[in-house]
Amino acid sequence: MFLTKEEEKLLERGDGVSKCMEILVALGEIFDAERLIPIKHAHISGVSYQNIGDEGLEWLRSLNVKFTVKTTINPAGMDLDRWKEMGIDEDFARKQMKLLNIFKEMGAELTLTCTPYYIYRPSIGEHLAWAESSAVIYANSVLGARTNRESGISALASAVIGKTPYYGLHIKENRAPSILVKVECDCDPSILGYKIGSEIEGIPIFKFNRKLSDDDLKALGAGLASTGNVAIFHVIDQTPEWNDFEIPSEKIVVDKLELNFDCDPDIITLGCPHLSKEELIKVYNLLKNFSGKVRREFWIFTSRKVYEDLIEVVDYLEMKGVRVFRDTCMVVSPATRRFECVMTNSGKALTYLPKLRGVKVLYGTLEDCVRKAFE
Ligand SMILES: C/C(=C\C(=O)O)CCOP(=O)(O)O
Ligand code: SF4
């Protein structure tokens, strides 16, 4: 991969910046990138102390570097104000705060959400270096911005250098669909993504018989990326780049989805990815149909921005016994180990909770989840 004189000099410094350059050069060589390109925004995952532990914390501290572009970070392992209520112990909380202080000193905004696009909405064609697969696929598919599916470490290296190797989804022709998915059922987009992700190769373009909302597209992408190596999809008549390419001849038809999860939930959870304002209001409107408080643990996850923008809605949910947490989620928090069976409407959580937290899962639509909470 070609390096400018300035980029060569960064490699020769022998410090944390050189280590970040080495990571980008190694990536560039692996993927045969011709050069590095500047990025507007990096989003780093691997922020929960639960996921990176003491070694990750010490490596981060040893880098001793500063971010040179806008940098946001993924959820931590706890709500920074209500961690005791989540059942998090003091030792974990202390180490998580130490880790967040290192990110802050490096120049990250402590956004602690997997929905940075609700805070900074990238423009079409903008080059990013984002980790967090649900955010990556949303940026590429719904916004037409350009990022590869970065790891927490490669996103961090790009945040320091301000660049990323020019390969993959940064290049227009690599964003073309390779399979048409005709959807002939009124399927939950989250579960559609969850099922299709592992069944297809390449980039899907979907044909729906209805208009999908922004939240439907978010859920479809999160589900797709959780079970498959998909970082972009298109939807005919709906996503910004659907009409820039030929419609592929290869086609599958989806007319029904079968799931077989079964356990009695000791907690119901929503917000993987973090809920949008519209999704939080939807929960509010459903809860108004039930008298009294919920009868099971019901945890909702969203970003601080959405929480603060809808504080009256949050107050109502809390009055009904729902806990609305920020800064974290069931997948990356050790709080989840208190539970055995988690009910959720999120295809991504159905994938990651058993894998990363070792709990059983039960699928329900949003309406099923709210109803179950009162049973
Ligand atoms: C482990 C996760 C996030 C994190 O550690 O920040 C959740 C899954 O990450 P993906 O990038 O969606 O695989
Ligand atoms: S809520 Fe879901 S999408 Fe967001 S960080 Fe957690 S696992 Fe990832």
Side-chain angles (χ1 to χ4, degrees), residues 42-53 55-57 60 71-79 86 96 99-100 103 108 110-119 128-140 142 147-156 159 189-190 193-194 197-198 215 217-232 267 269-276 279-280 299-307 324-336 342 344-359 361:
H43 182 71
I44 298 171
S45 72
V47 174
S48 169
Y49 178 73
Q50 180 68 33
N51 293 341
I52 77 166
E55 271 162 46
L57 192 151
L60 212 52
T71 303
T72 50
I73 58 177
N74 228 32
M78 65 193 198
D79 181 303
M86 294 183 74
Q96 180 68 74
L99 180 55
L100 294 181
F103 274 116
L110 298 191
T111 44
L112 303 180
T113 181
C114 44
T115 56
Y117 37 83
Y118 293 147
I119 302 169
L128 316 168
W130 281 15
E132 174 49 58
S133 62
S134 65
V136 165
I137 198 164
Y138 184 95
N140 280 315
V142 182
T147 175
N148 286 313
R149 184 166 170 166
E150 300 296 344
S151 66
I153 291 180
S154 65
L156 185 142
S190 183
Y194 167 84
S198 56
D215 292 323
L217 294 169
K218 174 175 81 167
L220 173 62
L224 271 171
S226 71
T227 53
N229 189 21
V230 187
I232 186 172
I267 184 168
T269 181
L270 303 172
C272 172
H274 279 174
L275 293 192
S276 65
E279 289 172 311
L280 207 58
W299 293 9
I300 287 182
F301 297 91
T302 189
S303 65
R304 279 193 177 253
K305 175 163 176 18
V306 168
Y307 183 103
V324 185
F325 291 129
R326 302 141 302 178
D327 310 324
T328 188
C329 76
M330 291 297 278
V331 171
V332 300
S333 175
T336 309
V342 181
T344 181
N345 66 337
S346 163
K348 174 157 184 176
L350 291 173
T351 308
Y352 277 95
L353 282 172
K355 259 196 253 182
L356 294 180
R357 300 277 76 81
V359 291
V361 287

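Just so you know, ligand 1 is whichever comes first in the structure, and atom 1 is the first atom listed for that ligand. Start at 1 with the first residue, then count along the sequence. Only heavy atoms go into these numbers, but all of them, side chains included; no hydrogens, no water, no symmetry mates.
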Around [atom], find the nearest protein heavy atom and jot down its residue, atom name and distance.
| atom | result |
| --- | --- |
| atom 13 (O) of ligand 1 | Tyr352 OH, 2.5 Å |
| atom 2 (C) of ligand 1 | Val332 CG1, 3.7 Å |
| atom 9 (O) of ligand 1 | Glu132 OE1, 3.9 Å |
| atom 1 (C) of ligand 1 | Asn51 ND2, 3.6 Å |

**Request:** Please say whether Asn74 places an N or O atom under 3.5 Å from an N or O atom belonging to ligand 1.
**Result:** yes
**Complete:** Looking at Ser133, Gly77, Gly152, Cys329, the heavy atom closest to atom 11 (O) of ligand 1 belongs to Ser133
**Message:** If we only consider heavy atoms of Gly46, is any one of them less than 4.0 Å away from an atom in ligand 1?
**Reply:** yes
**Message:** Distance under 4.0 Å to a non-hydrogen atom of Gly271: what atoms of ligand 2 satisfy this?
**Reply:** 1 (S)
Look at the side chain of [X] and the backbone N and O of [Y], then say whether any donor-acceptor pair between them is shorter than 3.5 Å.
| X | Y | result |
| --- | --- | --- |
| Ser45 | Asn74 | no |
| Gln96 | Tyr49 | yes |
| Thr111 | Ile73 | yes |
| Thr302 | Leu275 | yes |

**Item:** Proximity to ligand 1 by part of Val136, non-hydrogen separation under 4.0 Å
**Value:** neither
**Asked** Looking just at side-chain N and O atoms, do His274 and Ser303 make a donor-acceptor pair shorter than 3.5 Å?
**Response** no
**Request:** Using only heavy-atom distances, determine whether the side chains of Asp79 and Thr328 contain a donor-acceptor pair under 3.5 Å.
**Result:** no
**Message:** Looking at Tyr307, I'd like to know if the NZ or CZ of Lys305 sits under 6.0 Å from its six-membered ring centre while staying within 45 degrees of the ring's axis.
**Reply:** no
**Prompt:** Leaving waters out, which protein N, O or S atoms fall under 2.8 Å from atom 6 (Fe) of ligand 2?
**Reply:** Cys329 SG
